[in-house]
There are 6 protein chains.
Amino acid sequence: MEESKFTHISNEGNPQMVDVSLKSITRRTAQAQSKLIVSREILSQLKDNDIQTKKGPVFHTSIIAGVMASKKTSELIPFCHPIPLDDCKIDIKVVNDEIIINCQCITTSKTGVEMEALTGASVAALTVYDMCKALSHDIKIVQTQLMSKTGGKKDFKRE
Amino acid sequence: MEESKFTHISNEGNPQMVDVSLKSITRRTAQAQSKLIVSREILSQLKDNDIQTKKGPVFHTSIIAGVMASKKTSELIPFCHPIPLDDCKIDIKVVNDEIIINCQCITTSKTGVEMEALTGASVAALTVYDMCKALSHDIKIVQTQLMSKTGGKKDFKRE
Amino acid sequence: MEESKFTHISNEGNPQMVDVSLKSITRRTAQAQSKLIVSREILSQLKDNDIQTKKGPVFHTSIIAGVMASKKTSELIPFCHPIPLDDCKIDIKVVNDEIIINCQCITTSKTGVEMEALTGASVAALTVYDMCKALSHDIKIVQTQLMSKTGGKKDFKRE
Amino acid sequence: MEESKFTHISNEGNPQMVDVSLKSITRRTAQAQSKLIVSREILSQLKDNDIQTKKGPVFHTSIIAGVMASKKTSELIPFCHPIPLDDCKIDIKVVNDEIIINCQCITTSKTGVEMEALTGASVAALTVYDMCKALSHDIKIVQTQLMSKTGGKKDFKRE
Amino acid sequence: MEESKFTHISNEGNPQMVDVSLKSITRRTAQAQSKLIVSREILSQLKDNDIQTKKGPVFHTSIIAGVMASKKTSELIPFCHPIPLDDCKIDIKVVNDEIIINCQCITTSKTGVEMEALTGASVAALTVYDMCKALSHDIKIVQTQLMSKTGGKKDFKRE
Amino acid sequence: MEESKFTHISNEGNPQMVDVSLKSITRRTAQAQSKLIVSREILSQLKDNDIQTKKGPVFHTSIIAGVMASKKTSELIPFCHPIPLDDCKIDIKVVNDEIIINCQCITTSKTGVEMEALTGASVAALTVYDMCKALSHDIKIVQTQLMSKTGGKKDFKRE
């Protein structure tokens, strides 16, 4: 039987976790980004000058939801290892007609925080959606991707 | 103080849940879709004839992760109500160079399953990512959106 | 053997859940309150005119944590039934040197939301503590109690 | 393609949830049983006259763990529906050299509590194991099975 | 913009986690205490000579609930780090008309267990309430506070 | 008062966690096994030549559920410590009329993964049951036991 190129699939074709017990503990970071496009109606509320009141809770709630989800990554993604998350910072900004969510995670562990960063960004984006959907369903999450990671076998930086 | 147009933000500007206690119980459905673009290298594995072994576990694992996440929606999205999920079906197919994930949820409840469908699709997409990332980081989730919903105040169908 | 007066303890002296399968479904509410006393140093920050920035996140974060915990009540309290929570509203205000947290829950169910209201208030109070503790450990939760409940066998109102 | 006889596997061979949205709500019960065989050394402690101190916490802890796990069934078993659990009663007794755990669950729902009863019994058995393992590893869970169920399409009673 | 004095609030006024990735790992302890005042009717049961039967399950159940909640602290408090909890011991005693709950937590980690101790004590107190409330609603949690902590930047001991 | 021989029971007879803060971190493994006996009707499906379709999802789903449950062990078993799980591998095979589930866990921690291995095997067995029960209730879990463990105070190997 040919060796599987997917580390999460055994040579017998079954799904599996990856043994990290012999890997060394290093400081690892990852940054992921989600983007939403929302309707003009929603944007007009978010950009309102009364930004602390109106925008505040939407973005605060989404930041909190994203951080809490990032801590739950190993419960959500079947073969992710439970790791000590040293930090998860999420920031959300509006650029033109897009809402851009950046999620940066750090761990000191045998495995990285790529999925933690992606999960944090994704759930923050879903929460922006949930907070705004009563106004309009004209909301799409148009992107979720890894931006960079460091500390593992090979660093990555999206160009 | 002006009335908030966001149901999840109180007139005082605080985040809040919506009271559904007086709404009527109806059968409600929602369908969401996520799409990923993956590298040719990954696609070549997924489309391999040995599809039961190679593709099987990636997509089976992602379906299972998506369904389990859909059941966790009210734990992830701060103001979602816990509801009895009557069904959550996920299917994944490869069309050209895209992996397309459809998630359909059904409930019989006072509130809908829009967020459950979006969460199921999103976590299935994140799991496809996790299962494939050892091969290449050339993977992007390029879309997560609601496709349709029925049974609430107003039906929705994306055109 | 004498009959146990504690519904959560069997006649044999073992802990137990209460069977609610034959109870009728009614709309039930409960309101609980937690109070914290914090140091003057913390209070001066919370009452600052720059209230949206400084106070905002502490209280927003605590409201969100309390609502999410209220949804988790049956996971935390061993013999609480899982119920559909129709609403959970938390408000936080500063009165003199006390931070007062009110949590009101509603369900339409066979059993009430007393523990959900108390759990929501308690975790909101713990979160206020966590958000402020870097400034001073001079914080005490001085009270958590039920204020009222309706819809069960007997209404309750604290005088 | 031949129709799958497994309701949790689609005709395409993928794992799936079962749609219960059109099923009627009935009162459903299920009873499951787990048995452990433990070493004479452990049994001598459990049967000691000082039974409230020595036996008490082992069995109390196991009852509580079993009930809490039963409430988590839909988080553990991928295609189980989240349901309102009306009751979960666990009792544990020692018969000869066996520890016998009975778990009875009740719901009023569109689907039954068979998996909830089996999960409650299993986790109670695992907890007995955990509480006793410092004394001896001579412990085996020798059986977990459904004893009866009522209220669904077809009643079941093990003979 | 003035620098925030709240470590959980960014200089931009958003809620945030604290990066502990560069902190050193030390053995850290914390002890918290909750107190309840209950009615004479409940106390008479708890103080009954038949203490193993009557009091036993109430306090055993509360100890177990408190320990399990302490392990869930990072799921409940939005910006708490997930940490390996080395120990969580809870004891409950009746002094005059008060039920006093002490919760002591230990970790070997980059951050302390202050919130774990407070959460464990709080949920144990809520469980005492839940176990007794069928008898009387004359129960109040009158205090939850940190008693001491060691191993972090600065030790703390309440006088 | 006689010293308790149960590490999870205090000298006062209360349930308790074990302090591991001063234990040393070592690589620890554990392997557990569950066995099911299923009806001829189910076996004939599982052994069918169309094994990728029919058997695949049942066993894939069970492997995934077992691994995810193994990561949840400290949430299910009251006094288990939360630990970083370095690996959890589950394999399932059919030998004669038995379905045999092996679960091997690895950690690098102060305490072992015995309960993680047993929990992973148990929940995988429960999932096999759930996936097959629509065909027949003639399924029993006939064994769950520890097979071996290494890295702690004393190695264990079942003969």
Side-chain angles (χ1 to χ4, degrees), chain C residues 1-2 4-10 12-16 18 34 41-42 45 50 52-54 56-58 60-62 64-65 68-69 72-73 75-80 114-115 118-119 122-123 125-127 129-135 137 139-146 149 154 156 158, chain E residues 1-2 4-10 12-16 18 34 41-42 45 50 52-54 56-58 60-62 64-65 68-69 72-73 75-80 114-115 118-119 122-123 125-127 129-135 137 139-146 149 154 156 158:
Chain C
M1 183 171 287
E2 187 196 2
S4 168
K5 293 179 181 174
F6 292 87
T7 55
H8 281 315
I9 301 179
S10 71
E12 290 74 31
N14 291 314
Q16 68 176 3
V18 174
S34 286
E41 188 182 4
I42 293 171
Q45 296 289 321
D50 192 0
Q52 297 305 338
T53 302
K54 292 291 177 19
V58 174
H60 288 163
T61 305
S62 303
I64 292 166
M68 294 180 86
K72 271 183 185 298
T73 301
E75 281 186 60
L76 294 170
I77 310 298
F79 299 119
C80 272
E114 185 172 346
M115 293 313 301
L118 286 159
T119 301
S122 294
V123 173
L126 290 169
T127 303
Y129 182 100
D130 185 51
M131 298 293 285
C132 296
K133 73 179 196 291
L135 225 64
H137 278 94
I139 317 176
K140 294 183 195 182
I141 303 174
V142 291
Q143 178 188 286
T144 299
Q145 64 183 14
L146 183 70
K149 71 189 200 85
K154 205 162 68 172
F156 170 85
R158 188 168 302 278
Chain E
M1 186 171 288
E2 187 196 1
S4 170
K5 296 180 181 174
F6 292 88
T7 55
H8 282 315
I9 302 179
S10 71
E12 290 74 29
N14 290 316
Q16 68 177 4
V18 174
S34 286
E41 187 182 4
I42 292 171
Q45 295 289 321
D50 191 0
Q52 297 304 341
T53 302
K54 294 290 177 18
V58 173
H60 291 162
T61 305
S62 302
I64 292 166
M68 294 179 84
K72 273 182 185 298
T73 301
E75 282 184 60
L76 294 171
I77 309 299
F79 299 119
C80 271
E114 183 172 347
M115 293 314 300
L118 286 160
T119 301
S122 294
V123 172
L126 289 169
T127 304
Y129 181 101
D130 185 50
M131 298 294 285
C132 296
K133 73 179 197 291
L135 225 64
H137 278 93
I139 317 176
K140 292 184 196 181
I141 302 173
V142 290
Q143 180 188 285
T144 298
Q145 64 183 14
L146 184 70
K149 71 190 202 86
K154 204 163 67 172
F156 171 85
R158 188 168 301 279

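Below, each value reflects all heavy atoms present in this structure, side chains not excepted, and no hydrogens, waters or symmetry copies. The shown structure was predicted, so the numbers you read here are calculated from the model rather than taken from an experiment.
Rounding to the nearest 0.5 angstrom, the gap separating the CD1 atom in C/Ile77 from the OG1 atom in E/Thr61 is 11.0 Å.
Looking at E/Thr144, the atoms closer than 4.5 Å to chain C (heavy atoms on both sides) sit in the backbone and in the side chain alike. Proximity to chain C involves both the backbone and the side chain of E/Lys140, based on heavy atoms less than 4.5 angstrom apart. Interface remark: E/Gln16 contributes no atoms to any contact with chain C (heavy atom separation under 4.5 Å). Both the backbone and the side chain of E/Met131 come within less than 4.5 Å of a heavy atom in chain C. Interface remark: E/Thr119 contributes backbone and side-chain atoms alike to the contact with chain C (heavy atom separation under 4.5 Å). Looking at E/Ile139, only its backbone comes within 4.5 Å of chain C, counting heavy atoms on both sides.
When all heavy atoms of E/Pro57 and C/Gly13 are compared, the closest pair comes out as CG-O, 2.8 Å. Here the closest heavy-atom approach between residue E/Met115 and residue C/Asp130 is recorded as CG-OD1, 3.3 Å.
Interface remark: of the candidates E/Thr7, E/Thr73, E/Val18, E/Leu118, E/Leu118 forms the most heavy-atom pairs closer than 4.5 Å to chain C. The candidate from E/Gln145, E/Lys133, E/Glu114 with the greatest count of non-hydrogen atom pairs under 4.5 Å with chain C is E/Glu114.
In this structure the side chain of C/Leu126 reaches within 4.5 angstrom of the side chain of E/Ser122, judged on heavy atoms. In this structure, the side chains of E/Leu76 and C/Lys72 come closer than 4.5 Å at one or more pairs of heavy atoms.
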